[in-house]
Amino acid sequence: MDREELTAQETALYDRQIRVWGVDAQKRLSKASILVSGLNGTSIEFCKNIVLAGVGDLTVMDDRLVTEDTLQANFLIPRDSDAYGGRSLSEVCCESLRDFNPMVRVSAEKGDLSQSEMEFFDKFDAIVVSCCSLNAKVAINEKCRKRAKRIAFYAIECRDACGEIFVDLQNYTYAQKRSDGTVERHLSYPSLEEAISTPWRNLPRKMSKLYFALRVIERFELSEGRTPGKLSSSDFPSILKLRKELCDAQSLNESHVPEKLFERILHAGSKLHPPICAILGGILGQEVIKAISGKGDPLKNFFYFDTADGKGVIEDIS
């Protein structure tokens with residue numbers, strides 16, 4: 001959007017949030033373009049939140065056809081099969097999102113984001129990925145980092161009743177409020193590949209156990225050629241074997257990755273819990289708004305939530 005001022009209609013619609021984060025932040029949000037690749041319970045919660053907040057443009061990508069499985073935790077898909085038969089997730093979700101806020105331009109793109117041309121990324125200020133392999137996330141993150149403009153990168157996943165958010169804002173500057181006024185702060189973020197390459201023995205002793213469990217599961221999905229999230233209890237012995245191999249290689253005691261955590265995740269299979277999706281999607285929406293507006297302390301760089309203890313934990317792996 002080339003215009004610099006909000007319209008009277010936008011000012012009226014976004015009045016409450018303008019009171020919270022100010023008119024300048026709302027202007028930046030209204031000029032921002034965001035891409036979401038991979039639509040599931042968590043990412044559609046984010047889409048809903050960012051559209052209601054008044055982002056300028058939202059583009060969604062997911063060529064998978066709508067099936068009974070994809071209806072799970074996805075409130076954007078009509079339950080009438082006649083409304084989505086033979087159509088892709090991005091097409092159906094795009095239509096539903098437009099109804100939340102007619103002033104936001106919502107569109108659907110086809111293709112695999114990890115294979116997209118570099119110039120395609122220049123259209124966006126932030127990119128959110130889900131439902132894809134670790135290799136795809138790493139490839140997309142690296143393309144974001146190679147562009148001349150700073151493109152914020154986020155990866156979000158929900159596994160059973162727990163989930164993970166990864167954030168890469170590259171070199172980021174923002175205004176931090178303090179008791180004695182406002183100061184400018186600078187943060188340097190590692191890429192996803194750099195963060196997960198950190199030797200486990202160098203990580204904090206009280207590191208979230210979810211971090212280790214999800215790295216084991218990602219490695220298992222890659223080695224077995226599995227679709228992310230499509231695991232079952234029958235994979236339990238193989239995953240425990242891989243856990244031992246990785247812990248031995250990293251000089252880490254296996255107790256850091258409890259068997260019960262794998263049991264919970266594998267028992268649920270691909271099932272998503274709507275309340276957990278809502279929490280993760282809400283946190284992610286808040287973080288993207290912070291990054292675009294330049295206001296508020298941003299998350300750096302992993303966030304974990306687990307209903308087992310009801311805690312949200314931030315882990316800074318730099």
Side-chain angles (χ1 to χ4, degrees), residues 34 36-50 60-62 64 66-77 89-90 93 97 113 127-134 136-137 140-141 153-168 192 195-196 208-222 226-233 235 239 257-258 260-288 299 301-315:
I34 295 173
V36 176
S37 176
L39 299 173
N40 59 11
T42 51
S43 56
I44 61 104
E45 283 281 354
F46 165 74
C47 289
K48 178 258 295 180
N49 292 334
I50 207 71
V60 293
M61 290 182 75
D62 198 322
R64 292 177 298 166
V66 179
T67 63
E68 289 296 323
D69 287 343
T70 56
L71 291 175
Q72 182 194 151
N74 192 329
F75 56 82
L76 294 179
I77 303 175
L89 274 167
S90 57
C93 292
L97 284 166
L113 182 59
I127 290 178
V128 175
V129 300
S130 188
C131 316
C132 64
S133 69
L134 174 60
K137 291 175 184 175
I140 294 166
N141 186 197
F153 172 84
Y154 302 84
I156 181 169
E157 295 296 344
C158 182
R159 305 272 187 166
D160 181 45
C162 53
E164 174 187 71
I165 297 173
F166 170 78
V167 179
D168 176 16
L192 177 59
I196 63 175
S208 171
K209 292 176 171 55
L210 264 175
Y211 173 83
F212 302 109
L214 293 178
R215 302 294 77 80
V216 173
I217 287 175
E218 285 173 345
R219 185 71 65 87
F220 176 79
E221 290 172 339
L222 281 177
R226 298 291 188 86
T227 300
K230 301 296 184 181
L231 301 176
S232 68
S233 298
D235 296 313
I239 284 181
V257 202
K260 289 186 178 180
L261 183 52
F262 287 119
E263 287 177 350
R264 285 173 45 209
I265 294 175
L266 296 179
H267 178 72
S270 59
K271 182 179 180 182
L272 299 178
H273 296 269
I276 311 305
C277 294
I279 291 171
L280 292 170
I283 294 293
L284 181 58
Q286 169 184 289
E287 290 305 315
V288 172
L299 189 158
N301 52 348
F302 285 90
F303 174 82
Y304 294 95
F305 181 81
D306 191 348
T307 54
D309 56 17
K311 294 179 181 178
V313 178
I314 296 173
E315 300 286 6

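All values reported here derive from a predicted model rather than from experimental measurement.
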Salt bridge present between Lys137 and Glu221 (N-O < 4.0 angstrom)
no
Nearest non-hydrogen partners of Cys277 and Cys158, listed with the distance:
SG-SG, 4.4 Å
Of all the heavy-atom pairs spanning Gly285 and Ile50, show the shortest one and how long it is.
O-CD1, 4.4 Å
Is there side-chain contact between His267 and Ser233, with heavy atoms separated by less than 4.5 Å?
yes
Tell me the closest heavy-atom pair linking Lys230 and Arg226, and the distance in Å.
O-NH1, 3.7 Å
Just how far is it from atom CD1 of Ile165 to atom CG of Leu280, taken to the nearest 0.5 Å?
5.0 Å
Verify, without hydrogens or angle tests, whether Ser90 (side chain) and Met61 (backbone) share a donor-acceptor contact under 3.5 angstrom.
no
Measuring from Ile44:CD1 to Leu76:CG, what's the distance to the nearest 0.5 Å?
4.5 Å
Interatomic distance, Ser208 atom OG to Phe303 atom CZ [nearest 0.5 angstrom]:
10.0 Å
What distance do Tyr211 atom OH and Glu315 atom CD have between them, rounded to the nearest 0.5 Å?
9.5 Å
For the side chain of Arg159 and the backbone of Leu210, is there at least one donor-acceptor N/O pair under 3.5 Å apart?
no
Using 4.0 Å as the upper bound for N to carboxylate O, is an ion pair formed by Lys209 and Asp309?
no
Do the side chains of Phe302 and Leu214 get nearer than 4.5 Å, heavy atoms only?
no
Are Ile239 and Leu231 close enough that some pair of their side-chain heavy atoms sits under 4.5 Å apart?
yes
With the side chain counted from C-beta on, respond yes when Asp235 and Phe220 share a heavy-atom pair under 4.5 Å apart, and no when they do not.
yes
Taking NZ, NE, NH1 and NH2 as the nitrogens, is one of them in Glu263 or Lys260 under 4.0 Å from a carboxylate oxygen of the other?
no
With no hydrogens and no angle check, is any side-chain donor or acceptor of Glu287 less than 3.5 Å from a backbone partner on Leu299?
yes
So do Val216 and Phe262 actually touch side chain to side chain, heavy atoms under 4.5 Å?
yes
Non-hydrogen side-chain atoms of Lys311 and Asp306 separated by less than 4.5 Å
no
For the residue pair Phe166 and Ala195, what are the closest heavy atoms and their distance?
CE1-CB, 4.1 Å
Rounded to the nearest 0.5 angstrom, the CD-CG distance for Glu157 and Asn40 is 6.5 Å
Kindly indicate whether the side chain of Ser133, heavy atoms from C-beta on, has any atom under 4.5 Å from the side chain of Leu222.
yes
Side-chain (Asn49) to main-chain (Gly281) donor-acceptor, under 3.5 angstrom
yes
Locate the shortest heavy-atom distance separating Ile276 from Ala161; write the atom from each residue and the value.
CG1-CA, 3.9 Å
If you measure from CD1 on Ile77 to CG on Leu89, what distance do you get to the nearest 0.5 Å?
5.0 Å
How about Ile127 and Leu113: do any of their side-chain heavy atoms sit closer than 4.5 Å?
yes
